[in-house]
Amino acid sequence: MKAIVTGGAGFIGSHIAERLVNEGYSVSVIDSLNTGDKNNLKAISNKIKFIKENASQISKLGKADIVFHEGIYSSTPMYRKDNTLVGKAVSEFIAVLNYCVKNKCKLVFASSSSIYNGYPPPHNEEMIPKVKDFYTEARYSMERLAELFNQMYGLQYCGLRYFSVYGDREESKKEFANMVSQIIWKGLLDKELIIYGDGTQKRDLTNVADVVSANLLAAKSGENGIFNVGTGISYSFNEIIEKVEKAMGKKIKRKNIANPLKNYVDIVHADTKKSMEKLGFSAKIKPEEGINAALEYYRKLKKVPDIF
Ligand SMILES: NC(=O)c1ccc[n+]([C@@H]2O[C@H](COP(=O)([O-])OP(=O)(O)OC[C@H]3O[C@@H](n4cnc5c(N)ncnc54)[C@H](O)[C@@H]3O)[C@@H](O)[C@H]2O)c1
């Protein structure tokens, strides 16, 4: 089986590529290296094909059996700064969709729990998105286009709505990294952590290894549609900081400031029923275990990002 991972030099994409190699797939990665880093692929660099291109150039990699599409600008603030990224993400996605139709390959692509902003928890796939920011507009457009390609051309696809993914290899994302990485970095650097509001906002922390498992299950399933990839448990920022402090054995300096962001997400909390029933996916890694593993990785780096 030949697999292509767009955005495969990024945080999640590199973990997907590595698991695919370990499972015997022939793997090609296409990445613009915008937030990604080839260093993320060093363990498998001699076993994969890599090209530095935008995802729209996917056909340069020849025919594949399965595509994992992670390669878009990956964070809400990027789109706030440049809202033309919405058009770029969508037009590149159309190139990926056309490629998959032409080559009759299944598409598994990243979507986001940001789609649920404005809804009370738990968040299930039946909720009709009330788009509140440019990044979510791109994600929702991508979901609708995949469904349209399914109806018009029989495209086989799974769109996975990731919930707060954390783990190792986030250093090249810098200020766009998950809060777990950012808390660990502040702790290692002994610097002050800035928290928007009182820290009671909640996140459904999902370990990157579980996200990879969800991708593989989606690829192998005969299912089409949109699926949550979360744990079904959410923790407040204050609780997450306490978990990191416990793992590090030290207190982290904190400063709470008024939240400057409009349409900020207060809580994300996955309803996991559909992905459990249809894909057989359930998250396995407890936050304590995932935080310890990430901490061990970041402790070994020569330096961690010093952001803000
Ligand atoms: N990390 C999370 O919590 C989370 C949550 C929801 C959704 N997602 C989505 O998951 C995907 C992977 O995110 P990540 O956390 O690994 O971030 P990341 O920034 O590490 O990964 C994105 C990768 O795509 C590459 N890229 C960006 N634009 C590209 C383009 N046009 N063509 C080719 N490559 C391109 C980047 O260089 C990077 O390697 C993204 O689509 C992101 O929006 C992530």
Side-chain angles (χ1 to χ4, degrees), residues 2-13 16-17 20 27-36 49-76 78-115 125 128-162 211 214-215 218-219 221-227 229:
K2 180 176 166 184
I4 292 177
V5 187
T6 77
F11 163 49
I12 299 171
I16 294 175
L20 289 170
V27 178
S28 297
V29 166
I30 176 166
D31 196 301
S32 62
L33 297 183
N34 153 50
T35 44
K49 180 172 177 181
F50 176 86
I51 58 169
K52 181 179 178 296
E53 287 279 10
N54 284 329
S56 57
Q57 303 304 307
I58 187 169
S59 54
K60 290 187 180 168
L61 287 169
K63 189 175 169 5
D65 304 297
I66 173 88
V67 171
F68 297 88
H69 181 54
E70 310 296 309
I72 76 166
Y73 284 81
S74 55
S75 190
T76 310
M78 300 173 181
Y79 292 72
R80 205 178 296 127
K81 200 168 158 206
D82 176 6
N83 54 22
T84 67
L85 290 181
V86 177
K88 287 176 190 146
V90 169
S91 73
E92 297 219 343
F93 190 55
I94 292 173
V96 172
L97 291 165
N98 281 329
Y99 169 91
C100 290
V101 170
K102 186 173 168 210
N103 292 288
K104 296 189 173 50
C105 58
K106 185 162 184 174
L107 173 65
V108 180
F109 68 96
S111 186
S112 171
S113 62
S114 69
I115 288 246
E125 294 87 342
I128 313 260
K130 301 184 269 194
V131 173
K132 288 173 183 290
D133 64 89
F134 293 109
Y135 169 72
T136 306
E137 178 54 41
R139 306 262 59 147
Y140 191 29
S141 301
M142 289 168 68
E143 290 188 358
R144 283 179 301 198
L145 279 163
E147 174 59 21
L148 185 60
F149 270 66
N150 170 268
Q151 285 170 24
M152 291 187 71
Y153 309 119
L155 171 81
Q156 300 294 295
Y157 80 96
C158 288
L160 304 181
R161 290 179 178 166
Y162 300 160
V211 173
N215 272 271
S221 81
E223 297 291 336
N224 283 293
I226 300 300
F227 302 91
V229 175

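FYI, the numbering just counts along the sequence from 1.
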What distance separates [X] [atom1] from [Y] [atom2], expressed to the nearest 0.5 Å?
{"X": "E143", "Y": "L160", "atom1": "CD", "atom2": "CG", "value": "10.0 Å"}
{"X": "Y73", "Y": "M78", "atom1": "OH", "atom2": "CE", "value": "8.0 Å"}
{"X": "Q156", "Y": "N224", "atom1": "CD", "atom2": "CG", "value": "4.5 Å"}
{"X": "K60", "Y": "N54", "atom1": "NZ", "atom2": "CG", "value": "9.5 Å"}
{"X": "K63", "Y": "Y99", "atom1": "NZ", "atom2": "OH", "value": "7.0 Å"}
{"X": "N103", "Y": "L61", "atom1": "CG", "atom2": "CG", "value": "11.0 Å"}

Look only at the side chain of [X] and the backbone of [Y], and say whether a donor-acceptor pair between them is shorter than 3.5 Å.
{"X": "R139", "Y": "S113", "answer": "no"}
{"X": "S32", "Y": "E53", "answer": "no"}
{"X": "E92", "Y": "A55", "answer": "yes"}

Closest non-hydrogen atom pair between [X] and [Y], with its separation:
{"X": "I4", "Y": "G62", "result": "CD1-O, 4.2 Å"}
{"X": "A95", "Y": "I58", "result": "O-CG2, 4.3 Å"}
{"X": "N98", "Y": "F149", "result": "OD1-CE2, 3.3 Å"}
{"X": "A3", "Y": "L20", "result": "CB-CD1, 3.8 Å"}
{"X": "A146", "Y": "L155", "result": "O-CD2, 4.0 Å"}
{"X": "G13", "Y": "E70", "result": "CA-CG, 4.0 Å"}

So do [Y] and [X] actually touch side chain to side chain, heavy atoms under 4.5 Å?
{"X": "S74", "Y": "T35", "result": "yes"}
{"X": "F109", "Y": "V67", "result": "no"}
{"X": "Y157", "Y": "N150", "result": "yes"}
{"X": "I12", "Y": "F68", "result": "no"}

Are R161 and E125 within salt-bridge range, i.e. N to O under 4.0 Å?
no
Identify whether the distance between the nearest side-chain nitrogen and carboxylate oxygen of R80 and E137 falls below 4.0 Å.
no
Y79 and Y135: aromatic ring centres closer than 6.0 Å?
yes
Kindly indicate, with the supporting measurements, whether the criterion side-chain contact (heavy atoms from CB on, under 4.5 Å) is fulfilled by S112 and M142.
CA-CA 11 Å; S112 171; M142 289 168 68; over 6 Å; no
Applying side-chain contact (heavy atoms from CB on, under 4.5 Å) to Y162 and N215, what does each step give before you reach the verdict?
CA-CA 10 Å; Y162 300 160; N215 272 271; 3.1 Å; yes
Residues at least two apart in sequence or cross-chain that pass side-chain contact (heavy atoms from CB on, under 4.5 Å) with K88, listed by chain then number, are D82, T84, L85
Residue list, side-chain contact (heavy atoms from CB on, under 4.5 Å) with A9, at least two apart or on another chain:
D31, L33, L41, F50
